[in-house]
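Data first, discussion second: the structure below is written as structure tokens.
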2 protein chains.
Amino acid sequence: MAGKSKQPSTPGRQLAKAVRDSKAPAISRAAAVLRLLGKSEKPLGLQPIARELGLVPSTCLYVLRALVAEELVSFDADTKRYALEAGVLTLARGWLRRNEFTDLAQPVLDSISQRFDVTVLGAHIVGLDHIIVVAVSQSGANLQLSAQIGSRFPALISATGRCIAAFGDHTDADIEARFGTLRWDEPPTFADWQAQVAETRQRGFAVDAGNYISGVTVLAAPVWKTRGKLSHALVAIGIGSAVKGSGLPALQDALLSAAQTLSNRLCGEV
Amino acid sequence: MAGKSKQPSTPGRQLAKAVRDSKAPAISRAAAVLRLLGKSEKPLGLQPIARELGLVPSTCLYVLRALVAEELVSFDADTKRYALEAGVLTLARGWLRRNEFTDLAQPVLDSISQRFDVTVLGAHIVGLDHIIVVAVSQSGANLQLSAQIGSRFPALISATGRCIAAFGDHTDADIEARFGTLRWDEPPTFADWQAQVAETRQRGFAVDAGNYISGVTVLAAPVWKTRGKLSHALVAIGIGSAVKGSGLPALQDALLSAAQTLSNRLCGEV
DNA sequence: TGATATTGTTCAATATATAGAATGTTATTC
DNA sequence: GAATAACATTCTATATATTGAACAATATCA
């Protein structure tokens with residue numbers, strides 16, 4: 001009857017909710033463990049994992065063992081530490097294999113990144129929570145870039161956020177609530193931001209001029225998978241001079257028309 | 001009390017075993033669902049998934065709902081079809097981010113692939129079951145290649161298999177049992193293959209001269225993460241002439257010395 | 001278009017996954 | 001190097017995830 005003295009961490013609290021609501025709580029626990037291991041810089045022992053997620057150690061052990069058996073987590077018998085295993089790559093491959101957006105977007109991204117010497121991303125819009133980078137193209141050597149695929153960002157941040165606010169059908173209340181939680185280098189006021197969202201709606205693409213990361217300009221153009229349902233965005237990222245002056249309008253046009261072409265192709269196919 | 005008339009499929013039978021043995025069967029079910037969706041060419045409905053995996057539909061529904069909540073599976077409310085969601089990419093990114101093997105191996109693979117005009121892979125050896133491709137470098141345009149990362153192959157197939165047989169500490173009985181299940185274009189006899197394994201042990205690297213895929217020569221050199229424990233392999237794949245004649249010895253040397261350098265660096269660091 | 005088969009979803013009983021204490025096991029401290 | 005602390009792991013009672021049948025919603029066919 002005594003109140004618990006534990007103070008669950010942020011992932012712990014979210015997990016506790018998911019566990020209560022689900023008819024398969026072990027799966028929520030497993031996903032939380034996988035994400036924690038994915039974030040961690042080094043392999044973790046049972047106790048730290050259980051503590052961070054607010055799990056009972058014995059339950060956490062069973063979860064880990066199941067994940068090890070499925071080859072999604074590796075276990076070092078000497079140090080008793082757990083880490084992500086290469087099996088997660090196989091799942092990602094399954095997703096990449098037949099994702100029409102990445103197939104269609106990659107050549108487009110490559111073309112823009114080379115022509116304007118900027119980094120270009122294809123982002124998948126999951127909802128109001130966050131976006132996931134699903135395709136990348138850089139002008140220079142593109143070796144370490146593939147590691148950026150899979151990165152998650154808050155949905156409403158930067159230029160992509162203005163696109164989602166402008167073209168996704170979310171209520172103003174939802175949007176304002178989320179807006180408060182964002183972290184910017186140079187935060188705009190909500191009023192300023194709303195004006196920019198309105199401008200985005202009018203122009204068809206969004207600009208973040210150093211708000212998210214100061215000195216970095218970000219452009220984003222919306223892509224629709226089915227008519228009326230915002231699903232992806234093309235994003236161009238340039239440092240300082242690369243996206244200033246005479247080059248900018250050309251880049252804006254290229255990004256916007258690429259996004260429109262993609263939308264047409266995605267809508268037509270399905 | 002009546003016997004079941006269902007005849008579970010292969011994934012279904014394996015899953016049934018995992019479910020019985022585990023203290024968190026929902027996780028085994030979830031992993032099986034993810035793998036099935038990863039393999040499938042198109043989104044699947046509840047019933048086909050449940051049938052293929054030998055799951056009760058209601059249970060399968062709860063599993064899918066939990067996976068949707070975790071953003072590992074997407075659900076199309078109109079068609080009621082499930083597919084992998086981009087969230088699996090985020091897990092893969094977590095793995096890639098701090099995997100010393102891929103970091104160290106990538107430049108080495110690039111150098112060899114360019115110099116000899118062959119495809120070069122870094123493979124992670126999971127056990128006697130299979131290997132997973134974790135790094136790729138190709139000589140030509142390397143856009144669609146990144147999709148190959150995550151591919152799984154039977155452990156004992158091709159040149160990598162001879163390496164595992166030669167340098168992993170597995171019993172002959174285990175090896176012979178698995179050998180029988182392999183599928184080659186031009187199957188070697190077990191005696192021939194054993195002779196090649198012995199040669200591999202002597203030379204330090206393995207060759208598959210068209211057995212696995214006829215006309216394709218595969219070289220593999222072992223990489224040790226900790227002294228005495230085989231963990232990875234470097235694999236060079238060449239079509240016909242590219243790996244015949246005078247060029248072959250130089251490629252063998254390059255692959256072998258690259259593997260040894262990698263082994264030293266991986267052992268030393270940890 | 002109406003009838004029928006198939007699929008997706010809810011519901012209540014029960015087999016069982018989970019929580020928490022007890023037990024080994026390893027790391028840390030003095 | 002002994003004592004102590006933290007850790008991983010087993011064990012058992014109980015809350016609950018799973019099952020299989022009943023129901024609702026689609027899709028299919030005549």
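In what follows, chains are A, B, ... by sequence order, proteins preceding strands, each numbered from 1.
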Using a cut-off of under 3.5 Å, enumerate the N/O to N/O pairs linking the protein to nucleotides 6-10 of chain D.
from	atom 1	to	atom 2	distance (Å)
dA8(D)	OP1	Leu46(A)	N	3.0
dA8(D)	OP2	Gln47(A)	N	2.6
dA8(D)	OP2	Gln47(A)	OE1	3.2
dT9(D)	OP1	Lys80(A)	NZ	3.4
dT10(D)	OP2	Arg65(A)	NH2	2.6

Look at the side chain of Thr200(A) and the backbone N and O of Ala166(A), then say whether any donor-acceptor pair between them is shorter than 3.5 Å.
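Here the side-chain-to-backbone pair does not exist.
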Less than 4.0 angstrom between a side-chain N/O of Arg29(A) and OP1 or OP2 of dA17(C), yes or no?
no
Separation of dT18(C) C1' from Leu55(A) CG (nearest whole Å):
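Result: 11 Å.
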Between dA13(C) atom P and Lys23(A) atom NZ, what is the distance in whole Å?
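Distance, rounded to whole Å: 13 Å.
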Which is it for His232(A) and Phe101(A) under the ring pair (Phe, Tyr, Trp, His ring centres under 6.0 Å) test, yes or no, and what are the steps along the way?
CA-CA 8 Å; His232(A) 296 83; Phe101(A) 176 80; 3.8 Å; yes
Pair listing, salt bridge (Lys or Arg N to Asp or Glu O under 4.0 Å) test, anchored in residues 29-50 of chain B, at least two apart
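Qualifying pairs, neighbours excluded: Glu70(A)-Arg35(B), Arg97(A)-Glu41(B).
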Tell me, do Ile27(B) and Tyr62(A) make a side-chain contact under 4.5 Å, heavy atoms counted?
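Ile27(B) vs Tyr62(A): side chains apart.
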Any chance you could lay out the salt bridge (Lys or Arg N to Asp or Glu O under 4.0 Å) test for Lys229(A) and Asp169(A), step after step, and finish with the verdict?
CA-CA 8 Å; Lys229(A) 205 186 159 207; Asp169(A) 48 351; over 6 Å; no
